[in-house]
Number of protein chains: 2
Amino acid sequence: MSALTNAIDILRCFSTSRPDLSFADVQVLTGKPKSSTSRLLRSLRDCGLLEQDPHSRRYRPGLLTFELGRLHRAHDDLIATAERELRDVCARTGHTGYIAVLDGYQQVVLRIVPGSNPLRVVNPPGQRTPAIITSNGRAMLARLSDQEIRARVPLDYPKVPANSPQNFPELMARLNEIRRTGISDAADEAIEGVGSQGFALASGESGELIGIAVSYSVQATTEIERANVRRELGAMAAKLRRMTGDPLGQTIEQLAGLAS
Amino acid sequence: MSALTNAIDILRCFSTSRPDLSFADVQVLTGKPKSSTSRLLRSLRDCGLLEQDPHSRRYRPGLLTFELGRLHRAHDDLIATAERELRDVCARTGHTGYIAVLDGYQQVVLRIVPGSNPLRVVNPPGQRTPAIITSNGRAMLARLSDQEIRARVPLDYPKVPANSPQNFPELMARLNEIRRTGISDAADEAIEGVGSQGFALASGESGELIGIAVSYSVQATTEIERANVRRELGAMAAKLRRMTGDPLGQTIEQLAGLAS
DNA sequence: CCGTTTGTTCCATTCTGCGGAACGTAGTCC
DNA sequence: GGACTACGTTCCGCAGAATGGAACAAACGG
């Protein structure tokens, strides 16, 4: 375990559900001795990756993470292009749009396009979710080789909501359907009462892979409306794939992002 | 030099003006041997703090920085309160609002409230600027003790635009004026043709210090309009200081953020 | 006033990270 | 096509940074 590895282990304890942590929290979550925890937290604070609230003494991500986070994919063509198209679709349909990337068997939300419908955004940018329980997450997985998928999904299949694939064969069945149709959907999975449809988009030149989804309230939409979303998404996918030179036939072998 | 220090030195090479870097860039900027650069970049990439474009082989901040950056001060009351008030002022005046924090003798933009006037935002969130050349930056410095200010500003005073304080005595004169009036202003400094007025706000309980500014085109505003902005800011400052229990009399001694 | 909780500092041991040098690997110029 | 150059990775012996148990300190509570 290098010093950097230990530092990262601490940083990975933070999440949207745990935006700040006490010394004890970190010690429990990392399982490291007190002395090591103390030294590492001090180092991280001194270098700006963490801040410490002077009153509560709790730690939170530091200014440096904010600065760097603002630079992440700030000039990414694939995402900018996709976001423009997604904005149009969301304006027409009123629903909320998401753009996410894959990291291991999880996805991370990068961009949100709020719709006009008052569906509160509970998946803010930075949100990490198992890819197997979202429409765009599964769409991204479907673009990988079967071998790659198996390597990413944990051996003991995670506990997932009732509507999500409950085991590896069920997952592969859903992914194969996505491979046929090009479109993925979900309902009542990550969030109760919320449905979504999505697809994956790859760049021909950079090999990047992103997942795009439109999400809506299941109760407040009719079958007709969902069919309309599907048409919109199909047109958007076709247009974007042309623009980005998406090599639809081949599977993507990403370099980074191993299963954790 | 610990491994973490070296890693941070690399991360600090990235900025809004350098959102991605090649191996050679990093080597030059850090002045480290090739072997060390190679190993460090690999480590940073493997742990998610950096990503590498598979085509150009250039490095950029990684997914982890994005996730953490979204958590930074996500639940900060002082900033949320200030942003709400600033939003009102910007809606009324049409100008662009900024909220920044101090880090050493520099400031970092945390929030932007776009105005209705079409003044292109050239200071995106995450932007780092010498605090001595902005209205809210000087307002924040003015809240520190003279000793603290001297410790933060580099010994060889930096080269600054013509309208900014050109040396330490000039700076102190401006800061003392801000201490008297409670309001700070700037014109044609960080950006040609842009002026701003601002103030600093401290929280009574947490000891946090933030700088708030409203910025406008110098050419497109009249003296009358600028006086109006000043009144708006004065009222906003008074209201916010009451709400946050700002200890206006005392100087703030921040724990973190030494001069670099 | 003493026990408990919580976090920091100390210090001998270990093993990681360091950097010079050797080693690939392309690209480029005659 | 062959030598040269630019660029980056791997190797390896040594220095010194990181480690974690234990002692220490501080805050808290009954």
Side-chain angles (χ1 to χ4, degrees), chain A residues 1-14 18-62 64 205-207 253-258, chain B residues 1-14 18-62 64-65 204-207 253-258:
Chain A
M1 278 276 153
S2 70
L4 206 122
T5 314
N6 288 326
I8 298 302
D9 284 349
I10 290 184
L11 292 181
R12 289 211 183 270
C13 294
F14 293 89
R18 298 176 195 276
D20 63 346
L21 297 170
S22 69
F23 180 100
D25 293 337
V26 174
Q27 206 200 327
V28 168
L29 288 168
T30 61
K32 291 267 161 199
K34 283 192 300 181
S35 53
S36 305
T37 306
S38 181
R39 255 179 305 106
L40 281 169
L41 282 175
R42 173 202 292 279
S43 304
L44 286 169
R45 174 160 51 80
D46 289 349
C47 76
L49 283 175
L50 291 183
E51 293 175 355
Q52 188 173 22
D53 184 297
H55 181 248
S56 71
R57 309 197 29 82
R58 295 175 69 83
Y59 295 88
R60 55 173 186 242
L64 183 56
E205 57 175 315
S206 72
E253 292 298 338
Q254 274 183 303
L255 301 129
L258 294 167
Chain B
M1 278 274 155
S2 69
L4 201 110
T5 314
N6 288 326
I8 297 302
D9 284 349
I10 290 184
L11 292 181
R12 290 211 183 270
C13 294
F14 293 89
R18 298 177 195 276
D20 63 345
L21 297 169
S22 70
F23 180 100
D25 293 337
V26 174
Q27 206 200 328
V28 168
L29 288 168
T30 60
K32 291 264 161 201
K34 283 191 298 182
S35 54
S36 305
T37 306
S38 181
R39 253 181 306 105
L40 280 169
L41 282 174
R42 173 200 292 277
S43 303
L44 287 169
R45 174 160 52 80
D46 290 349
C47 76
L49 283 174
L50 291 183
E51 293 175 356
Q52 188 173 23
D53 184 297
H55 181 248
S56 70
R57 310 200 24 85
R58 295 175 69 82
Y59 295 88
R60 55 172 187 244
L64 183 55
T65 69
E205 59 174 313
S206 71
E253 292 298 338
Q254 274 184 304
L255 301 129
L258 294 168

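Worth knowing before you read on, the calculation uses all heavy atoms, side chains too, and leaves out hydrogens, waters and symmetry mates. In what follows, chains are A, B, ... by sequence order, proteins preceding strands, each numbered from 1.
Taking 4.5 Å as the limit, some side-chain heavy atom of B:Leu21 sits within range of a side-chain heavy atom of B:Leu29. Taking 4.5 Å as the limit, every side-chain heavy atom of A:Ile10 sits out of range of all side-chain heavy atoms of A:Tyr59.
Checked against B:Gln52 for a side chain to side chain donor-acceptor pair (under 3.5 Å), the options B:Arg58, B:Arg60, B:Arg45 give a single hit: B:Arg45.
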Just the atom pairs and distances: protein N or O near nucleotides 3-9 of chain C's N or O, under 3.5 Å.
unit_1, atom_1, unit_2, atom_2, d
C:dG7, N7, A:Lys34, NZ, 3.2
C:dG7, O6, A:Lys34, NZ, 2.8
C:dT8, OP2, A:Ser38, OG, 2.9
C:dT9, OP2, A:Arg42, NH2, 2.3

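If you check the side chains of A:Asp25 and A:Ser22, you find a donor sitting under 3.5 Å from an acceptor.
Contact annotation: A:Asn6 side-chain N/O to D:dA18 OP1/OP2 distance is not under 4.0 Å.
When rounded to the nearest whole Å, the span between CG of A:Leu4 and P of D:dA18 equals 11 Å. In this structure, B:Leu40 places its CG atom 15 Å from P of D:dG8, rounding to the nearest Å.
In this structure, A:Thr30 contributes its side chain and A:Val26 its backbone to a donor-acceptor pair below 3.5 Å.
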